[in-house]
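See structure below.
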Amino acid sequence: MYMVYWTVVGDATSEPHARPFDTSEMVPAMQFMEELRQRQRAGEGVRFITMCSEHPDVVGHPGVDVTGPGYDWKKRRR
């Protein structure tokens, strides 16, 4: 799944927005981001345009986890 985030900044306000896209819709998500950037270049108060992805079938938890006592990985250096 993809999520496009952007903020519309006015004179005294800023309003965050988000729009979801399916995992198979990367190209439409990027096209939508380009539309937002075109609005930004035209002078509209569109800012902070970004995209984030999260796979719905991910196996592990995101981030760093604590290792157990049996974990003994070492980087080899020659």
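Computed over heavy atoms, backbone and side chain alike; hydrogens, waters and symmetry mates excluded.
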* In the single-linkage hydrophobic clustering (I, L, V, M, F, W, Y; side-chain heavy atoms under 4.5 Å), do Met33 and Met1 co-cluster? ->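 The answer is no; the residues belong to distinct hydrophobic clusters.
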
* Asked: Are Met30 and Ile49 connected in a single hydrophobic cluster, I mean Ile/Leu/Val/Met/Phe/Trp/Tyr linked by side-chain heavy atoms less than 4.5 Å apart?
  ->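 Yes; Met30 is reachable from Ile49 via cluster members.
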
* To do: Taking all non-hydrogen atoms of both residues into account, name the closest pair between Thr23 and Tyr2 and its distance.
  =>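 Scanning both residues, the minimum pair turns out to be O-CE1, 3.2 Å.
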
* Over all atoms of both residues, closest heavy-atom pair of Ala29 and Val4 ->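 The answer is O-CG2, 4.0 Å.
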
* Neighbour count above 12 (heavy atom, 6.0 Å) for Met3 CE ->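 Yes, the 6.0 Å shell around CE holds more than 12 heavy atoms from other groups.
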
* Do Phe32 and Trp6 come close enough that some side-chain heavy atom pair is under 4.5 Å? ->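 Phe32 reaches Trp6 side chain to side chain.
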
* State plainly whether the residues Arg41 and Glu34 are in salt-bridge range, i.e. N to O under 4.0 Å. =>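 Glu34 and Arg41: salt-bridged.
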
Could you tabulate the donor-acceptor pairs under 3.5 Å formed by side-chain atoms of residues 15-22, not counting sequence neighbours?
residue: Asp22; atom: OD2; partner: Ser24; partner atom: N; Å: 3.2
residue: Asp22; atom: OD2; partner: Ser24; partner atom: OG; Å: 2.9

* To do: Could you tell me the separation between the OG1 atom of Thr7 and the CG atom of Leu36, rounded to the nearest 0.5 Å?
  =>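 That separation rounds to 10.5 Å.
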
